[in-house]
Amino acid sequence: MTVRTRFAPSPTGFLHIGGARTALYNWLYARKHGGKFVIRVEDTDAARSTDASQSIILDGLRWLGLEWDEGPDAGGDNGPYFQSQRHEIYQAYLQKLKDSDLVYDDDGAVRFRVPDKEITVNDAICGTVTVNLKKTGSTRWDPEAKKEVEANPDIVIRRPDGSFIFHFVNVVDDIEMGITHVIRGEDHLSNTPKHIALYEAFGSDLPTFAHIPLNLNKDGSKMSKRDQGALIHEYIENGFLPAAVNNYMALLGWSSGSDRELYFSLDEILEDFDLKGVNSSNSKFDFEKCKWMNAEHIKALPADKFLQRSAPFLESEGIDPKDSRVPACLELARERAETLADITKVILPVFTDNLEYDQPSVEKVVSKDGMAEVLSTLATHLAECGDWTTDGIKASIQAAAESLDLKMGAFMFPCRVATMGSTAGADLVPMLELIGQDRVVSRIRDFKEKYLS
RNA sequence: GACCCGUUCGUCUAGCGGUCUAGGACUCCGCCCUUUCACGGCGGCAACACGGGUUCGAGUCCCGUACGGGUCGCCA
């Protein structure tokens, strides 16, 4: 049997980290077992579905590298891959239930008779769950009245307007598309007995169910689109690497059993991935760790890929990625960047003379006694430097310091602030080399002029 | 409220009855490296929710309680 998994997004918003992780696990499982990964767009809610949302979701999946074998743009033999285009199929399946007398009309809606028996879900992650839909569905919690009210346990599968309900179309499509493994969020575990009842009503074989635990906020609340780290497009915009996001998502709820935490590609995850390593408890999202992981990925990125990934961020700051100084700059920034967006900030002093001076840093420097002399001495020595290399520059700073009988450290901070605008930033001497002799000297003189005269 | 699932450092987790005085990672703190900021190296703080069983022995198995999450829609 060929493994077939699917991710079935509803195009009503952004690609959420939880959805992306579900897609990732489905992708991993399919690839791991030589199977197919299918995308099906669940756009039955015409009022809320939009093309823009669909693009965001599919682009997000592509960015992560979760390519699908069948689905929108990819085609396939089990389409259409949009529920809005599958009405006839649903009608045919409804007819089957009618023929078996398993449905009835209720005020224009169609209800499916749930069986009065124990239904057992054999979940690959959660174990065995047994429920009797007739019993547990016979009452309903009314949030308004805050009490149990009588309810009809039979589930509505078609609305009076003829449109079909999620539980029904989801099962029909999974049957029609030959889905063998349903990997989805644990929020669907309680719905699964309903789905099993439908499978049985159609006389279809059950897929393997695997409900993965949910991701919550750090305070334990449900993650919503407003929460930091919740939306995939934010990772794209903020300079995360897709491999790092995959790495983090994979480890949120799954462990290989070893201490290994860094996986630099989907292929590497694939080697270790196994549904057995998926936890059964919810996890809380830790954006700090996610950033750390991204930093590790940046450190490990080959130079050409690094340049390629950084290019859009450089351009947005007006830096030409083809500039001959860029590769050296990137290497300088690499060790201290958590995101690609950080990189441009670090290397900006090389590319612009319009520096933004960090006020606390400036205060720290100008408040020191004798700073005017330090700066002018420094400028003079650097102007006279005949060997503008890291060694030559270092020697000049050293000479400047000695001429005033001061330690070199006393010169490093002022030099850093005057030429780079802040006490923080990339390695000073290589940065000076890249900025260039004339610009360095004039920056120091201008700085002195501006703040110490 | 009913039903379902879960519970190891603040967080992600290892652990599948003795090797656990509970291991790794993030965060935080200290030290070292560094004539700067980082990076890096070393070290430290910090957990088996609680109560009963079962067992020679329980983080590991069972039951209960507490807590957390989910489902209970003519949303998906």
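Basis for what follows: all heavy atoms, side chains included, without hydrogens, waters or symmetry-related copies. Per chain, numbering begins at 1; letters A, B, ... match sequence-line order.
- Residue A:Ala424 is in sugar-phosphate contact alone, with no base atom involved, counting any heavy-atom pair closer than 4.0 Å across all strands shown.
- Not one side-chain nitrogen or oxygen of A:Arg260 sits closer than 4.0 Å to the OP1 or OP2 atom of B:rG23.
- Using a 4.0 Å cut-off between charged nitrogen and carboxylate oxygen, A:Arg40 and A:Asp174 count as a salt-bridge pair.
- If you find the closest nucleotide of RNA chain B to A:Lys394 and to A:Tyr248, the one lying nearer the 5' end belongs to A:Tyr248.
- By the 6.0 Å contact criterion, CG on A:Asp161 is enclosed, its count of non-hydrogen atoms from other residues, nucleotides or ligands being greater than 12.
- Looking at heavy-atom distances under 4.0 Å, A:Asn191 makes contact with a base.
- As the counterpart of B:rC3, B:rG70 is assigned, both hydrogen-bonding distances of the Watson-Crick or G-U wobble pattern falling under 3.5 Å.
- Here A:Lys299 lies in heavy-atom contact (under 4.0 Å) with sugar-phosphate atoms only.
- Within 3.5 Å, no donor on the side chain of A:Lys135 pairs with an acceptor on the base of B:rA2, nor the reverse.
- If A:Asp161 and A:Thr423 are placed on RNA chain B by their nearest nucleotide, the residue sitting closer to the 5' end is A:Thr423.
- Residue A:Lys289 places no side-chain N or O under 4.0 Å from the OP1 or OP2 atom of B:rC12.
- When only modelled atom types and interatomic distance are considered, A:Tyr104 and A:Asp154 share a side-chain donor-acceptor pair under 3.5 Å.
- B:rC31: Watson-Crick or G-U partner is B:rG41, with both key distances under 3.5 Å.
- A centroid separation of less than 6.0 Å is found between the aromatic rings of A:Tyr451 and A:Phe447.
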